[in-house]
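The model shown is predicted, which means the values in this text are computed figures rather than measured ones. Just so you know, these numbers use all the heavy atoms, side chains as well, and skip hydrogens, waters and symmetry mates. Naming convention: chains lettered A, B, ... in sequence-line order (proteins, then strands); numbering from 1 in each chain.
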Protein chains: 2
Amino acid sequence: MPDHPVVERFIAYLREKNLPVTAQRLAIAEVLLASDRHLSAEEVARELTAAGRPVGTATVYRTIDTLLASGLLVHHEHLVCAHCGRVEEFRDERLERMTTIVAESRGFARQRHRLVIHGVCRDCQRGGGR
Amino acid sequence: MPDHPVVERFIAYLREKNLPVTAQRLAIAEVLLASDRHLSAEEVARELTAAGRPVGTATVYRTIDTLLASGLLVHHEHLVCAHCGRVEEFRDERLERMTTIVAESRGFARQRHRLVIHGVCRDCQRGGGR
DNA sequence: ATAAATGCAAAGGGTTTGCAAAGGC
DNA sequence: GCCTTTGCAAACCCTTTGCATTTAT
């Protein structure tokens, strides 16, 4: 398991902030930064525990905060299929910009946002799905 | 407490759909449709119970669904101040349209969405806050 | 009479927290 | 050694659900 360059950057960030570089933090960063699909905190914890590098869910949440603060991890929008439950993640610059504009138009300095869109996915639309 | 015209429309909707016109439904509709600020289900239940027209939270949730289905109530976006906790609600057509477009571009038939923007409100920005 | 709505309390999911124990620096 | 992180379980928030009871029609 070669250290991804992003993980190196996380280490650098931790050092810079004088935060302990722990095995858990690195393990969680590895999994989170490498995966392209959606992972729940539970999944991350389970996956790592199965791989012999046990971490608790609380630690996953705490590390996600740190990764977000470092800028190495970014929030995604979520698309949830109301029929089969599938969750798809994506990023959209325009949406991001629009939330900033909308927040500012109401006097808020935007920090972050959370968007979940519910709908029916392609598969389920054509009679398929669970 | 004069029956707001919107409540009349809710009654019409219920009749049209052959749904029972209950005291709870009307009470909840009154509070929800009259208020301009954000009310949690708990708040609605508490407020009505205090006013001598007790309703359970479950019923509030169920009635919200009905009101949404009727089109008399619409979802709002939320702006949450990270500093003082204030919650501001608003609607934005453009945002709404964009979520539809974005969902469709990924093969999803959009049904609804939930957006929460976190930031710092005007008051808290200028040293104010809590 | 019948079908639906209600209320309660339990269950659920996703996340946070308190505190003793472990571990980085 | 000091200070932070970790892990666990409990606490939390918000919402849904199961089921016996009440109610509109």
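Residue A/Gln24 places at least one side-chain N or O under 4.0 Å from the OP1 or OP2 atom of D/dG7. A close approach under 4.0 Å does occur between a side-chain nitrogen or oxygen of A/Thr59 and OP1 or OP2 of D/dG7. When the side-chain nitrogen and oxygen atoms of A/Thr57 are compared with OP1 and OP2 of C/dG14, none of them lie within a distance under 4.0 Å. Taking only side-chain nitrogens and oxygens, B/Thr22 comes nearer than 4.0 Å to OP1 or OP2 of C/dT6. Neither OP1 nor OP2 of C/dT16 sits under 4.0 Å from any side-chain N or O of A/Tyr61.
Checked by atom type and distance alone, the side chain of A/Ser35 never pairs as donor or acceptor with a backbone atom of A/Val31 at under 3.5 Å.
Residue A/Ala58 places its side chain closer to D/dC8 than to any other of C/dT6, C/dC25, D/dC8. Residue A/Arg114 places its side chain closer to C/dT15 than to any other of D/dT15, D/dT4, C/dT15.
With a 6.0 Å radius and a threshold of 12 heavy atoms from other residues, nucleotides or ligands, B/Arg112 has its CZ atom above the threshold.
Inspection of the A/Arg25 and A/Thr66 side chains reveals no N or O donor paired with an N or O acceptor under 3.5 Å. For the residue pair B/His38 and B/His78, a side-chain donor N or O sits within less than 3.5 Å of a side-chain acceptor on the partner.
Put simply, CG on A/Asp65 is 13 Å from C1' on C/dT17, counting in whole angstrom units. Look at CG on B/Leu39: it is 13 Å from P on D/dC14, rounded to the nearest Å. Rounded to a whole Å, the CG atom of B/Leu67 is 13 Å from the P atom of C/dA5. The CZ-P distance, from B/Arg46 to D/dC13, rounds to 11 Å in whole Å. Rounded to whole Å, atom C1' of C/dG14 lies 9 Å from atom CD of A/Glu42.
When heavy atoms are screened at a 4.0 angstrom cut-off, A/Arg62 is found touching base atoms of the nucleic acid. Counting any heavy atom pair closer than 4.0 Å across all strands shown, B/Arg15 reaches no nucleic acid atom.
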